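Predicted, not measured: the structure shown is a model, and the values here were computed from it. Lettering follows sequence order; numbering is per chain, from 1.
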Amino acid sequence: MLDADFFRRWMTVTAESVDREAERLTALDSPIGDADHGSNLHRGFTAVTAALEKEAPGTPGGVLTLAGRQLISTVGGASGPLYGTLLRRTGKALGDAAEVSAEQLAEALRAGVDAVMTLGGAAPGDKTMIDALVPAVDALGDSFAAARTAAEEGAVATTPLQARKGRASYLGERSIGHQDPGATSAALLVAGLAEAAGE
Amino acid sequence: MSDERLVGIVLVSHSAEVAASVAALAKGLAGGGPAVPVAPAGGIEGGGLGTSAELIAAAAASVDRGAGVAVLADLGSAVLTVKALLAEGDELPEQTRLVDAPFVEGAVAAVVTAATGADLAAVESAAAEAYTYRKV
């Protein structure tokens, strides 16, 4: 079973990897975006870890809804409301339980991903974070490690796609040949989940 | 017509200057515009381009006179942040709506209409109608 400590660890290790990878995310966002994805997410996850230390929610749902709220407030770019909605909706789906099973997490995360697709109007193949998140949720039934692999492969598979959402969509065919920064950061989030689980 | 009844308008842009300038333009072009509560929410806190949920929530609270709040937004994250705040339920005043409208033209139409004492639905449809004014 997964408790609030597990979810805090997930957020903490994700914040560490966003810190480590911020320059790479911004570099990916430079040719097809506005070159701020790394710094935006870094600002957001720094706020997440500070809020979790200060408030220390006692349930998995509480950790994720607080984290999501921080991301919506502080990121400043589109990834804020998108990641914020992902975590908040997942947290709400987990409810007030003190511990949740891996199956419950997989189900809640699917609800979160569905909410992101509704908010952003994006579908798989649009060259967005969805291209990493949907395969990750599909693989979560097997293991956290399988989800990490699926997310990383999904992120790499965005390279030949033409962007149909967000700032990159203005570039049309010129968006082809670049790995999507949002799918790349989504893979970091899923990798954080696997790391928190020790996989 | 009492000021208490006017619909409030929030203009969310990636740029503080754009939001403030469009607010001034809309108020200036509307006959009764100066009475309409209009608040810009541009850029991120502390300066810089982007969208701030805190600035949006504060702007919406500042223009709420109990007749509803119409929010106009410019690009990607401005639209998504307003939608995410609306989905949260308790972040924005009751009767707050994201209006689907062009930013500058929609803001002028919204302020002109709000100045007449029109309700939120009328302000929303006037702003949305600005999409139909073709330029060529």
Side-chain angles (χ1 to χ4, degrees), chain A residues 29 32-44 47 51 65-92 111-112 114-122 126 128-130 163-171 181-182, chain B residues 10-20 39-62 69 71-93 96-104 128 131:
Chain A
D29 194 33
I32 60 170
D34 40 10
D36 60 4
H37 191 53
S39 50
N40 281 352
L41 274 192
H42 184 252
R43 181 166 60 239
T65 50
L66 177 62
R69 184 70 189 80
Q70 293 302 314
L71 293 177
I72 293 172
S73 301
T74 58
V75 168
S79 51
L82 292 168
Y83 278 112
T85 294
L86 174 68
L87 296 184
R88 276 185 59 90
R89 206 55 75 87
T90 302
K92 283 189 174 176
D114 286 346
V116 173
M117 288 199 275
T118 303
L119 177 65
D126 285 347
T128 71
M129 58 196 283
I130 294 304
R164 287 197 287 259
K165 287 288 160 189
R167 162 74 168 71
S169 65
Y170 296 139
L171 295 175
Chain B
V10 174
L11 300 174
V12 184
S13 169
H14 277 56
S15 151
E17 290 86 350
V18 169
I44 59 175
E45 283 177 292
L49 299 178
T51 305
S52 161
E54 311 300 329
L55 290 179
I56 295 168
S62 79
V69 176
V71 182
L72 284 84
D74 62 358
L75 301 163
S77 70
V79 175
L80 290 174
T81 302
V82 174
K83 284 185 177 174
L85 288 173
L86 286 170
E88 301 225 0
D90 54 359
E91 296 285 329
L92 299 173
T96 297
R97 281 189 210 164
L98 173 62
V99 172
D100 185 15
F103 195 64
V104 177
Y131 270 133

N/O donor-acceptor pairs under 3.5 Å from side chains in residues 76-86 of chain B, not counting sequence neighbours:
unit_1, atom_1, unit_2, atom_2, d
B:S77, OG, B:H14, NE2, 3.0
B:S77, OG, B:T51, OG1, 2.7
B:T81, OG1, B:S77, O, 2.7

Top contributor to chain B contacts, counting heavy-atom pairs under 4.5 Å, from A:P81, A:A115, A:G121: A:P81
Contact list for residues 75-87 of chain A, test side-chain hydrogen bond (donor to acceptor under 3.5 Å, both in side chains), sequence neighbours left out: A:Y83-A:S185
Do you know which of B:A53, B:G43, B:S52 has the most heavy-atom pairs with chain A at a distance under 4.5 angstrom? B:A53
Interchain contact, A:R88 with chain B, by part (heavy-atom threshold 4.5 Å): side chain
Under 4.5 Å from a heavy atom of chain A, the part of B:L75 involved: side chain
Rounded to the nearest 0.5 Å, how far apart are CD of B:E91 and OG of A:S73? 7.0 Å
